[in-house]
Asker: 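My questions will all concern the structure given below.
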Amino acid sequence: MAEAVAEGVTRVEGAEATIRRVPEAIPQETLERMGASHAQQTFAHIPVAAPGELSEYDAVIFGTPTRFGNMSGQMRTFLDQTGGLWMQGALVGKVGSVFTSSSTQHGGQESTILSFHTTLLHHGMVVVGLPYAFKGQMRMDEITGGSPYGASTIAGQNDREVSENELEAARFQGRHVAEIAKKLAA
């Protein structure tokens, strides 16, 4: 989904996308016992973000898995390190947006995004979602993620691929955020 969001961003003239991941907070041996080390290795090629770099961007589109209707602990730990940015007002007026995934259709996608918005608002960011201009979230012919709060997918137990509709929602959101950020920068 992050790659689809980035693809959408680059559809806006002059916009660039940078993909980062937050640091892992779970020890490697625990990941191995959980059977999660393979999934983490899939993203090993993506550079790890530093909280301070958020201020370098005109917009930040955060992606997080849903954990009990909330963002992952790793994301929360990362965001908890942005107090210095908050003190400086470094993110005030920048665009913030969120996308997510959950294991089940009703696994808390909307609550994850909405609770994430609280942090963005505390930072003074301009929160942007996924408007109903993206008609794919009105579909009734398939099970699909997505809401006005942001793009999402239903991952199952890592056994469901992101659907084309969900990828298109992510692309739409990326483009929409980049367009708004460009207008704000002008």
Side-chain angles (χ1 to χ4, degrees), residues 1-6 8 19-27 30-31 33-40 42-43 46 48-49 51 54 59-83 85-86 91 94-132 134 136-140 142-163 165-174 176-177:
M1 285 193 72
E3 290 171 346
V5 168
I19 299 177
R20 296 282 188 261
R21 61 187 170 104
V22 298
E24 181 55 68
I26 299 174
T30 304
L31 288 171
R33 280 196 309 269
M34 293 169 52
S37 58
H38 174 72
Q40 187 191 42
T42 305
F43 302 104
I46 300 171
V48 174
L54 296 178
V60 182
I61 306 170
F62 295 92
T64 182
T66 294
R67 297 290 184 263
F68 306 107
N70 220 316
M71 69 181 77
S72 69
Q74 293 87 334
M75 182 61 75
R76 181 74 262 158
T77 298
F78 179 80
L79 292 172
D80 284 347
Q81 297 175 56
T82 62
L85 295 174
W86 175 78
L91 303 181
K94 294 180 182 287
V95 177
S97 193
V98 183
F99 66 95
T100 191
S101 65
S102 67
S103 293
T104 63
Q105 184 177 2
H106 304 291
Q109 296 173 12
E110 290 182 342
S111 62
T112 297
I113 295 173
L114 288 169
S115 65
F116 204 122
H117 286 168
T118 305
T119 301
L120 303 183
L121 291 166
H122 275 263
H123 272 293
M125 298 181 86
V126 177
V127 175
V128 174
L130 178 66
Y132 279 112
F134 173 67
Q137 61 184 307
M138 302 287 286
R139 291 179 69 165
M140 298 295 287
E142 69 178 57
I143 293 175
T144 189
S147 74
Y149 312 117
S152 61
T153 187
I154 303 152
Q157 300 302 309
N158 294 321
D159 58 355
R160 179 181 181 269
E161 293 294 321
V162 182
S163 74
N165 186 58
E166 293 165 335
L167 289 172
E168 196 53 42
R171 290 181 196 105
F172 188 102
Q173 186 172 345
H176 182 58
V177 167

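What you are looking at is a predicted structure, and each value in this text was computed from that prediction instead of being measured.
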Asker: Do other residues, nucleotides or ligands put more than 12 heavy atoms under 6.0 Å from I46 CD1?
Answerer: yes
Asker: Sub-3.5 Å donor-acceptor pair from the side chain of Q157 to the main-chain atoms of S103, do we have one?
Answerer: no
Asker: I need the Q105 CD to T144 OG1 distance, nearest 0.5 Å.
Answerer: 9.5 Å
Asker: With a 4.5 Å limit on heavy-atom distance, are the side chains of F62 and L120 in contact?
Answerer: yes
Asker: Look at the side chain of S152 and the backbone N and O of G146, then say whether any donor-acceptor pair between them is shorter than 3.5 Å.
Answerer: yes
Asker: Which heavy atom of A25 sits nearest a heavy atom of Q74, and at what distance?
Answerer: N-CG, 3.6 Å
Asker: Once rounded to the nearest 0.5 Å, what's the spacing between atom OG of S115 and atom OH of Y149?
Answerer: 12.5 Å
Asker: Does a side-chain heavy-atom distance below 4.5 Å link L130 with H176?
Answerer: no
Asker: Rounded to the nearest 0.5 Å, how far apart are CG of L167 and OG1 of T153?
Answerer: 7.5 Å
Asker: Side-chain contact test, heavy atoms from C-beta onward, threshold under 4.5 Å: evaluate it for N165 versus F134 and give yes or no.
Answerer: yes
Asker: Are the side chain of R21 and the backbone N or O of F43 linked by a donor-acceptor pair below 3.5 Å?
Answerer: yes
Asker: Ignoring hydrogens, what is the shortest heavy-atom contact between A6 and I19? Give both atom names and the distance.
Answerer: CB-CD1, 3.9 Å
Asker: Return the CE to OG1 distance between M1 and T100, rounded to the nearest 0.5 Å.
Answerer: 8.0 Å
Asker: Whether the side chain of S72 engages the backbone of M75 through a donor-acceptor N/O pair (distance < 3.5 Å, no angle test) should be reported.
Answerer: yes
Asker: Considering only heavy atoms from C-beta outward, does the side chain of L54 approach that of K94 to under 4.5 Å?
Answerer: no
Asker: Would S102 and T66 count as having a side-chain donor-acceptor pair, cut-off 3.5 Å?
Answerer: no
Asker: Decide if atom CD of E3 counts as having more than 12 heavy atoms of other residues, nucleotides or ligands within a radius under 6.0 Å.
Answerer: no
Asker: Could you pull out the closest heavy-atom pair between V177 and A59, with the gap in Å?
Answerer: CG1-CB, 3.7 Å
Asker: Would you name the heavy atoms of M71 and T112 that are closest together and state the gap between them?
Answerer: N-CG2, 3.8 Å
Asker: Identify the two heavy atoms, one from H117 and one from V98, that lie closest to each other, and give their separation to 0.1 Å.
Answerer: CD2-CG2, 4.1 Å
Asker: Kindly compute the distance separating CD (Q173) from CD1 (I61), expressed to the nearest 0.5 Å.
Answerer: 6.5 Å
Asker: Can you give me the closest heavy-atom contact between A2 and F99, atom names plus distance?
Answerer: CA-CZ, 3.7 Å
Asker: Among R160, E161, Q137, E142, which residue meets the side chain to side chain contact (heavy atoms under 4.5 Å, CB included) test with E166?
Answerer: R160
Asker: From H123 NE2 over to T118 OG1, what is the distance, rounded to the nearest 0.5 angstrom?
Answerer: 12.0 Å
Asker: Is the closest side-chain donor-acceptor distance between T119 and R76 under 3.5 Å?
Answerer: yes
